[in-house]
Amino acid sequence: MPYLVCVACGKRYPLDTALRCGNCDEPLEVHYDSLKPPARIKDDPCFVTRNTNVFPLPDLRPELSLGEGTTPLLRASNLQAETGLECVYLKNETVNPTWSFKDRGTSLGVQAAIWFGLKSIGTVSSGNMAASIAAFAARAGLEAYVFVQEGMPDGKIQPIAIYGPHLNRGIGDYGQLYFNALDLGEKHGIYFISSDNPFRVEGQKTVAYEILDQLDYEPLDFIFMPVSSGGNMAAVIKACEEMEALGLIKKAPMIIGVQAAGCSPIAKAVAEDKDQIEHFHNPNTMAHAISNPMPPSGNRILRKVKEGRANVITVTEEEILAAQAFLASQEGLFVQPAGAVPVAAVRRLAGESTLKPEHKIAAILTGSGLKDTSALAHHTLKAGAVPVTNLELALNK
Ligand SMILES: *Cc1c(COP(=O)(O)O)cnc(C)c1O
Ligand SMILES: [Zn+2]
């Protein structure tokens with residue numbers, strides 16, 4: 001039977017108890033007595049049944065799936081031409097059921113809640129996780145309790161509210177909201193699936209399994225991804241370690257987490273060689289989906305950096321905007337600012353020759369541009385006008 005282990009002190013817990021360690025308040029992760037590889041995508045396109053071997057629950061209900069995962073891995077020919085890199089892939093997570101990678105973790109989190117016999121799930125989210133939880137709860141017939149940031153505009157509230165959750169803005173400190181929600185959940189039997197819930201992490205690790213499956217387990221040097229709470233990055237690192245242990249790959253790719261300079265608590269701790277994350281003051285970035293100033297899995301990522309499995313770097317707002325424009329206009333992929341962050345890093349590191357032409361790279365595009373349209377105001381985007389009787393004029397515009 002799989003069990004939970006504290007990532008800091010190693011204390012063991014049964015699967016269905018805590019979400020964080022009672023000793024050190026660090027996240028817990030799932031360990032398996034013996035791990036088997038997932039099925040290949042070509043043999044089983046269903047996210048739930050394909051991954052049964054790498055999930056910790058015995059009875060999964062594939063009918064609760066919304067078709068999450070199994071997303072395309074696209075060769076980025078125009079990004080390669082621009083950067084001189086020979087081999088760059090883009091994992092397009094924007095095509096998930098609620099248009100972000102969050103659906104992978106929610107999918108397994110819902111299975112866990114049902115397995116524990118709970119009727120309600122919840123989350124604290126700056127947007128994408130909220131929509132994902134609300135959608136999967138609706139399908140599974142569970143109540144959803146969703147808390148979002150105090151200042152969230154109506155335009156972002158409505159696409160969450162449409163799924164019918166109990167939706168509230170949390171008035172006060174957003175960092176505190178996360179911990180208070182966990183307490184509420186414990187008291188009232190609401191299963192909170194936030195940032196680094198161990199089942200969410202198990203669901204999210206599938207993105208790395210998929211990338212390597214889609215490459216027929218050919219070696220990859222780097223995976224670039226945005227990082228906020230650190231939950232998804234911890235998941236990708238865990239998957240790579242599992243694939244190494246399973247013998248599917250000889251050597252795990254180096255995982256490069258990328259933060260916006262305007263909210264970069266993990267990158268700051270790495271640069272200063274700290275082993276504890278500190279609260280990042282006055283966060284300010286247009287990449288709202290990655291603006292957690294006190295990441296609950298930050299210390300865990302720092303340990304992985306020390307082990308040589310990962311690194312965390314920053315990009316500027318200008319670099320994020322330029323990468324967003326590049327992806328849309330050169331690769332046909334409209335991602336939200338957070339989703340453009342890894343590509344911003346690839347472009348810069350290639351320009352500085354830190355990345356070599358022969359390095360094989362994948363970047364995870366985490367969420368759709370339509371989920372966060374506020375960044376569009378920063379681009380020069382205009383349409384001309386021509387008389388319908390003289391469309392030739394369009395040829396000059
Ligand atoms: C949630 C989110 C992230 C960050 O994931 P974490 O697990 O919190 O580090 C990145 N990009 C998008 C689009 C997101 O919604
Ligand atoms: Zn512990």
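Start at 1 and go down the list; that is how both ligands and their atoms are numbered.
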Rounded distance [0.5 Å steps], CD in Q204 versus NZ in K102
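If I round to the nearest 0.5 Å, the distance is 7.0 Å.
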Show me which atoms of ligand 1 lie under 4.0 Å from any heavy atom of [X].
X: K102; value: 1 (C), 2 (C), 3 (C), 14 (C), 15 (O)
X: T366; value: 10 (C), 11 (N), 12 (C), 13 (C)
X: N128; value: 13 (C), 14 (C), 15 (O)

Got an N/O contact under 3.5 Å between [X] and ligand 1?
X: M233; value: no
X: Q204; value: no
X: S228; value: yes
X: S100; value: no

Are R347 and E82 within salt-bridge range, i.e. N to O under 4.0 Å?
yes
Under 4.0 Å between a Lys/Arg side-chain N and an Asp/Glu carboxylate O for E26 and K11?
no
Measuring from non-hydrogen atoms of S195 to any atom of ligand 1, is the shortest distance under 4.0 Å?
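In this structure, S195 fails to qualify as a contact of ligand 1 - no heavy atom is under 4.0 Å.
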Any atom of ligand 1 sitting under 4.0 Å from a heavy atom of R200?
yes
May I ask you to determine how many protein N/O/S atoms are under 2.8 Å from the Zn ion (ligand 2)?
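Protein N, O or S neighbours of the Zn ion (ligand 2) under 2.8 Å, waters not counted, come to 4.
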Classify the contact between Q336 and ligand 1 as side chain, backbone, both or neither, using a heavy-atom distance cut-off of under 4.0 Å.
side chain
Could you pull out all residues at least two apart from E242 that satisfy salt bridge (Lys or Arg N to Asp or Glu O under 4.0 Å)?
K205, K238
Heavy-atom nearest neighbour in the protein, as seen from atom 8 (O) of ligand 1, with distance rounded to 0.1 Å:
S229 OG, 2.8 Å
